[in-house]
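Structure record follows, encoded as structure tokens.
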Protein chains: 2
Amino acid sequence: MTTRVSKTKKDRAAAPKQGELTLGPIYRSHKVYNEVEHTNTDGSTTTLRVPARAIELTTGEEFEVYDTSGIYTEEGLDLDLEQGLEKLRDGWEKPEPAAASAAKPDLKVQTQLAWARAGIVTPEMTYIAHREGFTPEEVREEVAAGRAVICANHKHPEIEPMIIGKKFAVKINANIGNSAVTSSIAEEVEKMVWATRWGADTIMDLSTGDNIHETREWIMRNSPVPVGTVPIYQALEKVNGDPTKLTWEVFRDTVIEQCEQGVDYMTVHAGVLLRYVPLAADRVTGIVSRGGSIMAAWCLKEHKESFLYTHFAELCEILAKYDVTFSLGDGLRPGSIADANDEAQLAELRTLGELTRIAHDYGVQVMIEGPGHVPMHKVAINVEWEEEWCDEAPFYTLGPLTTDIAPGYDHITSAIGAAIIGQAGTAMLCYVTPKEHLGLPNRDDVKTGVITYKIAAHAADLGKGHPRAQERDDALSKARFEFRWHDQFSLSLDPETAIDFHDETLPAEPAKTAHFCSMCGPKFCSMRISQDVKDYAAEHGLDSVEAIEAGMAEKSEEFADAGGKVYLPISEV
Amino acid sequence: MTTRVSKTKKDRAAAPKQGELTLGPIYRSHKVYNEVEHTNTDGSTTTLRVPARAIELTTGEEFEVYDTSGIYTEEGLDLDLEQGLEKLRDGWEKPEPAAASAAKPDLKVQTQLAWARAGIVTPEMTYIAHREGFTPEEVREEVAAGRAVICANHKHPEIEPMIIGKKFAVKINANIGNSAVTSSIAEEVEKMVWATRWGADTIMDLSTGDNIHETREWIMRNSPVPVGTVPIYQALEKVNGDPTKLTWEVFRDTVIEQCEQGVDYMTVHAGVLLRYVPLAADRVTGIVSRGGSIMAAWCLKEHKESFLYTHFAELCEILAKYDVTFSLGDGLRPGSIADANDEAQLAELRTLGELTRIAHDYGVQVMIEGPGHVPMHKVAINVEWEEEWCDEAPFYTLGPLTTDIAPGYDHITSAIGAAIIGQAGTAMLCYVTPKEHLGLPNRDDVKTGVITYKIAAHAADLGKGHPRAQERDDALSKARFEFRWHDQFSLSLDPETAIDFHDETLPAEPAKTAHFCSMCGPKFCSMRISQDVKDYAAEHGLDSVEAIEAGMAEKSEEFADAGGKVYLPISEV
């Protein structure tokens with residue numbers, strides 16, 4: 001049931017201004033919140049308000065789509081960024097501690113994994129089930145099996161819970177980072193608002209340099225989606241950028257600092273072992289992971305295993321306390337087609353599997369990061385290896401790029417690999433922008449990257465048979481065939497671009513109901529002719545193979561007489 | 001051996017002006033022609049000059065790539081569009097007529113198919129063999145088997161021969177059409193020059209309206225690549241756009257007119273049978289092929305099979321005379337995810353197989369057109385069906401689009417499907433531009449469509465193991481790892497865009513040799529750190545698993561002492 005509706009009067013969201021936030025509804029849609037009853041462990045109930053975006057069709061119907069944009073797409077919003085978002089989850093039940101695992105029955109923790117294993121359906125699970133079209137029990141089972149994760153730090157009550165797992169819709173992540181010179185809280189928050197407006201399911205704050213903590217605080221308090229980080233970046237800043245000065249203590253304190261702020265998942269490159277570094281020596285592109293290269297440098301210098309590996313159990317205890325999810329980083333991922341699926345990559349993946357089992361024993365949720373650059377025929381096997389070696393922990397890949405020869409278009413070279421690896425079972429795709437390998441993405445690049453990855457993720461959902469996926473394709477295609485241009489625009493991933501492209505050649509409003517577009521023109525519009533054919537065939541009883549094969553002469557003549565009418569629309573223009 | 005070199009002094013091709021041609025070399029490259037000796041049937045030899053583009057690397061080496069741009073990328077060109085290109089193939093041997101097929105041993109024709117079956121290697125085959133890196137005999141075998149086609153009308157001597165077949169590099173087609181108001185020959189020719197500059201292997205002239213014949217003449221006489229058409233479009237213009245007035249005679253005369261002009265392949269929707277029309281009645285998007293909808297209308301009106309089907313043998317005799325290749329059109333291809341792989345589509349495909357065997361009996365080469373809109377999990381089976389039912393005739397598909405929900409981005413939704421179907425064995429991919437479903441593509445859309453499809457085709461070549469494919473990926477990745485920015489740009493599919501993106505944030509020339517870019521900055525450049533790690537590991541004998549596991553203490557200390565030096569580059573900036 002819809003509890004709050006903010007209709008948009010405009011056909012377009014207000015154009016954002018520099019340094020301000022992009023606010024307001026997306027083209028011909030409004031935010032809705034569906035009320036769902038959750039039953040707590042004590043039998044009491046809590047009402048959850050699950051968000052969606054309702055697209056207003058010209059037929060009078062509404063079409064609801066999964067929505068990550070938070071309150072920022074509501075009409076007439078009154079924001080206080082200093083205050084931050086409502087602490088949604090503070091009002092929800094936080095069940096008693098449960099056994100971390102069968103391996104550690106006496107260790108009691110409060111994580112979605114431990115609760116799921118204990119048979120407890122949390123409010124987050126109920127919320128997610130409604131959001132994705134599954135039952136709460138199905139959600140609990142996937143989390144309990146470690147096949148899905150709910151990235152939700154206890155210290156981040158503002159987020160709208162979401163799930164990352166192969167059974168559910170493929171998710172996408174957008175990376176953001178602070179500017180060299182941070183000018184305002186609005187400017188930093190805008191990057192998150194802009195990425196989630198177009199569909200980013202999570203964001204990673206890869207800020208470096210000054211003001212890391214403050215910038216992250218602004219993002220944490222105002223983000224409706226889970227936030228991930230790579231703690232080694234901030235730790236490196238604390239030792240003035242010199243990896244040789246890195247220590248377990250500096251790293252640990254940084255992790256705790258970020259856990260306290262509410263970071264929901266953290267990339268940790270604990271699989272880069274000393275003996276693996278030489279395996280990357282003869283590669284075409286060596287080590288292309290920032291964290292991976294930093295830890296490799298540290299390992300060689302110290303000539304011992306990294307503190308990320310030797311102190312992994314302590315890390316698990318820290319993350320378990322906050323229910324922060326591990327994103328075990330692939331520090332040795334391939335950076336070129338030539339290096340794909342090599343021993344360095346696979347050796348590290350096996351180690352990530354070992355670490356996954358340790359984390360799971362501590363009741364900590366785990367994702368596994370994957371490549372990178374991989375030619376098409378070597379993509380799917382990556383999922384098979386990951387599932388076999390890492391106990392089916394959700395796979396989270398960067399692309400992969402399926403060729404190296406198109407800098408400037410790597411959102412496309414990687415969308416091909418992303419769609420394939422998503423269909424094969426990868427749970428989340430880290431977006432790649434057109435600026436990959438070339439420079440820092442700007443606002444347009446971020447949007448292009450997000451939309452491109454929504455395409456890859458949706459193509460994968462269709463390919464793997466997600467129960468709800470095809471509904472939107474069918475609704476848009478039906479609108480297309482019926483020349484409901486406004487609906488074709490509003491149902492698309494990026495209405496603004498679709499409208500701009502259409503209006504370049506046929507700007508007038510009447511064209512929005514015309515039975516053709518400038519691509520083929522009125523005479524050659526196959527859909528128009530096709531509709532004439534369909535209508536008149538039905539009218540003259542020629543709409544079945546039987547009728548046709550009966551070769552009904554009189555029908556034929558009668559139809560011929562009507563011919564002028566049938567084809568008038570084609571030739572009259 | 002290189003016989004003609006036109007070095008570019010500029011780092012950029014001259015920016016084209018409206019109404020003029022885009023001429024001159026592509027960034028840091030020049031045209032080369034390699035001389036190849038061809039042995040004629042009488043034992044004499046002919047020297048063929050096979051074109052390529054030589055990219056000038058900063059290492060002093062040159063990297064040759066397949067090149068479709070004709071003379072237009074030469075330096076200091078003196079063009080006469082009225083005169084047209086040199087009639088290259090007029091100087092080549094045209095072997096005596098050979099038996100059309102085993103089925104028609106007494107019918108003698110002069111087609112690449114008949115000659116290949118007779119064991120004759122034509123100059124075109126020798127030329128193509130060198131261009132693609134195969135032996136002339138390998139090329140002959142594929143053509144003889146009907147698995148590959150050489151689209152080369154005897155009346156089109158200007159083209160540089162190319163081949164379309166699953167064993168060879170995946171090719172791409174770009175559609176062009178005349179403007180509503182044609183202002184100049186240069187403007188029409190520019191569309192072809194622009195598309196082939198970026199890599200279109202063939203172009204289809206889909207002109208409608210006035211001046212069809214004249215516009216096509218300009219394109220034919222100046223195109224270095226094969227040209228395809230859909231004759232039914234011009235035939236329809238001849239009957240004032242009314243399908244009910246179409247007759248076999250009008251169509252036949254149009255085909256002959258186009259054969260005489262030199263058109264290399266023609267789309268004919270002869271598989272749209274009367275009894276198949278009702279199969280499309282309940283589709284979400286009906287019939288989306290222009291030619292298909294026109295013929296469906298005609299069939300219903302006449303209540304009999306189309307003249308394309310009933311006169312197919314006569315069509316074969318006409319095309320055989322010129323060695324024009326059939327592109328059997330999929331008039332009932334699906335136009336939405338919901339309609340993919342349905343009975344209407346498959347029924348027509350079976351009929352196209354029947355027509356393929358007839359054409360092959362007449363010695364006529366054949367391609368089969370394919371979908372369309374297909375979700376990922378239903379893509380590959382399309383190739384299996386086509387190969388089984390159509391005797392492995394080269395498959396030529398439009399995309400397919402893997403989702404319907406992203407108008408404005410259908411070059412991307414379709415590049416995913418195109419790469420997958422190309423890897424599965426599709427020989428040529430018809431490009432889709434960002435304007436698909438929305439309007440007429442402009443100059444930028446055409447370039448985006450071509451580059452996007454070069455990416456899909458190349459990803460497919462890597463995926464299916466084309467012997468030469470990975471060389472370019474390796475060369476570019478090596479340049480990337482060695483921070484040879486100019487080489488990374490020049491080896492890319494679109495140097496201009498790569499440069500523009502890089503220079504947005506680091507425009508200065510010194511940045512072209514800098515060991516980082518603005519994406520990660522100097523401190524966090526993994527490739528830079530990785531190189532330091534590699535160099536110093538080697539220097540200190542820590543570059544093997546054995547050395548590492550030996551845990552050589554003194555090496556470790558010695559290396560630790562050198563640590564300052566190792567990491568200086570990382571922290572000094």
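Only a predicted model underlies this, so the values are computations on that prediction, with no experimental measurement involved.
- Most heavy-atom pairs under 4.5 Å with chain A, from the set B:Ile451, B:Val379, B:Thr413, B:Asp445: that is B:Ile451.
- Between chain A and the options B:Lys454, B:Arg283, B:His373, B:Gln423, the largest number of non-hydrogen pairs under 4.5 Å is found for B:Gln423.
- When each of A:Leu491, A:Thr497, A:Asp339 is scored by its heavy-atom pairs under 4.5 Å with chain B, the top score falls to A:Thr497.
- Of the listed residues A:Ala475, A:Ser492, A:Ala456, A:Gly465, the one with more heavy-atom pairs under 4.5 angstrom with chain B than any other is A:Ser492.
- In this structure, CG in A:Leu462 is found 9.5 Å from CE in B:Met376, a value given to the nearest 0.5 Å.
- When all heavy atoms of B:Ala419 and A:Ile416 are compared, the closest pair comes out as CB-CG2, 3.7 Å.
- Ranked by heavy-atom pairs shorter than 4.5 Å toward chain B, the options A:Gly292, A:Ala498, A:Ala418 are led by A:Ala498.
- For the pair B:His377/A:Lys464, no side-chain contact is recorded, criterion being any heavy-atom separation below 4.5 Å from C-beta on.
- Going from atom CD1 of B:Ile412 over to atom CD1 of A:Ile412 covers 4.5 Å, rounded to the nearest 0.5 Å.
- Here the straight-line distance linking atom NE2 of A:His411 with atom OG1 of B:Thr452 works out to 7.0 Å at 0.5 Å rounding.
- The choice from B:Glu482, B:Gln470, B:Lys304 that makes the most heavy-atom pairs within less than 4.5 Å of chain A is B:Gln470.
- Among the candidates B:Pro375, B:Gly286, B:Ser336, B:Pro407, the residue making the largest number of heavy-atom pairs closer than 4.5 Å to chain A is B:Pro407.
- Heavy atoms of A:Ser289 lying under 4.5 Å from chain B belong exclusively to its backbone.
- Atom CH2 of B:Trp485 is separated from atom CG of A:Leu438 by 6.5 Å, given to the nearest 0.5 angstrom.
- Rounded to the nearest 0.5 Å, atoms CD1 (A:Ile455) and OH (B:Tyr409) are 7.5 Å apart.
- B:Lys435 NZ to A:His502 NE2: the interatomic distance, rounded to the nearest 0.5 Å, is 11.5 Å.
- For the set A:Thr402, A:Asp474, A:Leu401, A:Val284, the entry with the most heavy-atom pairs within less than 4.5 Å of chain B is A:Val284.
- When each of B:Asp473, B:Asp461, B:Thr403 is scored by its heavy-atom pairs under 4.5 Å with chain A, the top score falls to B:Asp473.
- For A:Ala406 against B:Leu493, the heavy-atom pair with the smallest separation is CB-CD1, 4.2 Å.
- A distance-only check finds no donor-acceptor pair linking the side chain of B:Asp404 to the backbone of A:Ser477 [under 3.5 Å].
- Of the atoms belonging to A:Tyr276, not a single heavy atom falls under 4.5 Å from chain B.
- Interface summary for chain B: among A:Pro434, A:Ala460, A:Gly417, the most heavy-atom pairs under 4.5 angstrom belong to A:Pro434.
- Residue with the most contacts toward chain B among A:Leu476, A:Thr448, A:Asn442: A:Leu476 (heavy-atom pairs, distance under 4.5 Å).
- Your options are B:Arg472, B:Lys478, B:Lys378, and the one with the most heavy-atom pairs under 4.5 Å with chain A is B:Arg472.
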